[in-house]
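As structure tokens, the structure follows; a few thoughts come after it.
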Amino acid sequence: MPAALVVRLEESMAAVTPRQVHGAASGICEVAGSDHHAPVKAFAAGPLLPDESGGGCLWRLGWLGDSALPPGWPPSAVRLGPHTRQVTGFEGHGRSYGELARSGPTRRVRLTMTSPTFFSRNGRDLPMPEPVLVVRNLLTRWNALAPAPLQVGEDDSKALVGGVFLESMSGATRKVELGSGLRQVGFEGSAELRLLKTVPDQAASVFGALARFAEFAGLGAQTAFGFGAVDVELPGLTRSPRSPRREAYPPGV
């Protein structure tokens, strides 16, 4: 069942790499024998963020598996590379795939990408919220993880891909150090996506489900490594409550 989880750690971290984020998340969300290199993972991991309410840091995870919670939840401690931090608190909320699928039609959504977000297209990375790539990315992961009766069919997929467009966007790209002199560029900021009036209501309902799914799944490539954390804002609803925006990734130059 998709769930948004937050872990509170006792001490802040000056610099955490994407690889360390992935390793720590795998320790909580994967079981022995899991494919550590699977193209679609049943979890997403955000970067570590400062806890402004009282020191330490917060870490946001998204669980997308069949069970209500990850196998290693709640953790008593989190290991990030050579460092281990004790867990001082945790919280979360979830919605089943069925609840997401029945959440009703949506024709407009605002996505706020709070950690660098990028997509893979024709073997190259694209650090911007291109609407077709956004929809295809969410469709791929939904259909890989949702129960078979709730998977999105070809007709609705084509209607969404052909009818989604970018209404507006605001933000900038940012570089993240990966180690060994490598960097990844991603987009941080907001984007408003809309559907053409010709998109059927059934496809608009799928769009609504995918938008709400993004709150748990993140957006784009490498979401298990701290990339693509996203806040979701729908008409008539306030933005999903989130942690402060500043990451503990080492900044790019």
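Remember, predicted model here, so these are calculated numbers, not experimental data. Values below: all heavy atoms of this structure, side chains included; hydrogens, waters and symmetry mates excluded.
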Margin query: A side-chain contact here means heavy atoms from C-beta on lying under 4.5 Å apart; do Trp73 and Phe90 qualify?
Written below: yes
| Just by distance, do the side chain of Tyr97 and the backbone of Leu64 share a donor-acceptor pair under 3.5 Å? | yes
Heavy-atom nearest pair, Arg108 first then Pro235, reads O-CD, 3.1 Å
d(Arg79 CZ, Gln20 CD) to nearest 0.5 Å is 9.5 Å
Item checked: Under 3.5 Å: donor-acceptor pair, side chain of Ser115, backbone of Ala229 -> yes
Output for pair (His22 NE2, Thr223 OG1), nearest 0.5 Å, gives 9.5 Å
| said: Less than 4.5 Å apart, side chain to side chain, heavy atoms only: is that true for Leu9 and His83? | reply: no
| query | Going only through I, L, V, M, F, W and Y residues with side-chain contacts under 4.5 Å, is there a path from Leu133 to Leu196? | reply | yes
Heavy atoms of Val78 and Ala24 approach each other most closely as CG1-CB, 3.8 Å
Heavy-atom side-chain proximity of Gln202 to Asp155 below 4.5 angstrom: no
Exactly one of Thr140, Val152, Val206 clears side-chain contact (heavy atoms from CB on, under 4.5 Å) with Ser157, and that residue is Val152
Between the CD atom in Glu233 and the OG atom in Ser190, the distance rounded to the nearest 0.5 Å is 9.0 Å
Apply side chain to side chain contact (heavy atoms under 4.5 Å, CB included) to residues Glu177 and Arg183 and explain how you reach the verdict. CA-CA 5 Å; Glu177 296 287 352; Arg183 298 169 181 164; 3.1 Å; yes
Report yes if some heavy atom in the side chain of Thr173 is under 4.5 Å from a heavy atom in the side chain of Phe118; otherwise report no.
no
Just so I know, are the side chains of Pro129 and Leu111 near enough to count as touching, which here means a heavy-atom distance under 4.5 Å?
no
Review point. Is the side chain of Asn143 donor-acceptor paired with the backbone N or O of Gln151 at a distance under 3.5 Å, no angle test?
Key: no
Quick one: does Arg141's side chain have a donor or acceptor within less than 3.5 Å of a partner on Gly218's backbone?
-> yes
- Message: Membership question, hydrophobic clusters at under 4.5 Å side-chain separation (ILVMFWY): are Leu126 and Val185 in the same one?
- Response: no
Exercise. Going by an N to O cut-off under 4.0 Å, is there a salt bridge joining Glu192 and Arg110?
Worked result: yes
Of Leu193, Thr198, Val199, the one forming a side-chain contact (heavy atoms from CB on, under 4.5 Å) with Leu195 is Val199
Minimal heavy-atom distance between Ser76 and Gln86, with the atoms involved, is O-OE1, 3.4 Å
Looking at Glu99 and Arg212, does any basic side-chain N land under 4.0 Å from a carboxylate oxygen? no
Contact check, side chains of Val176 and Pro47, non-hydrogen atoms, under 4.5 Å = no
| Mind checking whether Met1 and Leu61 sit in one hydrophobic cluster, side chains of I, L, V, M, F, W, Y counted as touching below 4.5 Å? | no
Residues at least two apart in sequence or cross-chain that pass salt bridge (charged side-chain N to carboxylate O under 4.0 Å, His left out) with Arg95, listed by chain then number, are none
In this structure, CG of Leu69 is separated from CG of Leu5 (nearest 0.5 Å) by 6.5 Å
Minimal heavy-atom distance between Met169 and Phe187, with the atoms involved, is CE-CE1, 3.5 Å
### Query
Can you tell me if Asn137 uses its side chain to pair, donor with acceptor, with the backbone of Gly220 under 3.5 Å?
yes
Take Leu48 and Trp59 through the side chain to side chain contact (heavy atoms under 4.5 Å, CB included) test and state the conclusion after the steps. CA-CA 5 Å; Leu48 273 71; Trp59 187 32; 3.7 Å; yes
Value for CZ (Phe207) from CG (Asp156), rounded to nearest 0.5 Å, stands at 13.5 Å
Heavy-atom nearest pair, Leu150 first then Gly98, reads CD1-N, 3.5 Å
Sorted by chain and number, sequence neighbours left out, side chain to side chain donor-acceptor pair (under 3.5 Å) with Glu91 holds for Arg8
So CG of Leu210 and CH2 of Trp142: to nearest 0.5 Å the spacing works out to 6.5 Å
In short, side chain to side chain donor-acceptor pair (under 3.5 Å) pairs touching residues 118-136 with sequence neighbours left out are Asp125-Gln184
request  = Output, in order, the C-alpha distance, side-chain angles, deciding distance and verdict of side chain to side chain contact (heavy atoms under 4.5 Å, CB included) for Arg107 and Asp201.
outcome  = CA-CA 9 Å; Arg107 293 183 175 272; Asp201 286 344; 3.0 Å; yes
Query - Heavy-atom check, side chain of Val230 versus side chain of Thr117, under 4.5 Å - result: no
Of all heavy-atom pairs linking Ala211 and Val109, the shortest is CB-CG2, 3.8 Å
Problem set entry | Side chain to side chain, Phe43 and Ile28, heavy atoms closer than 4.5 Å | no
Backbone of Val232 reached by a side-chain donor or acceptor of Glu215 within 3.5 Å: no
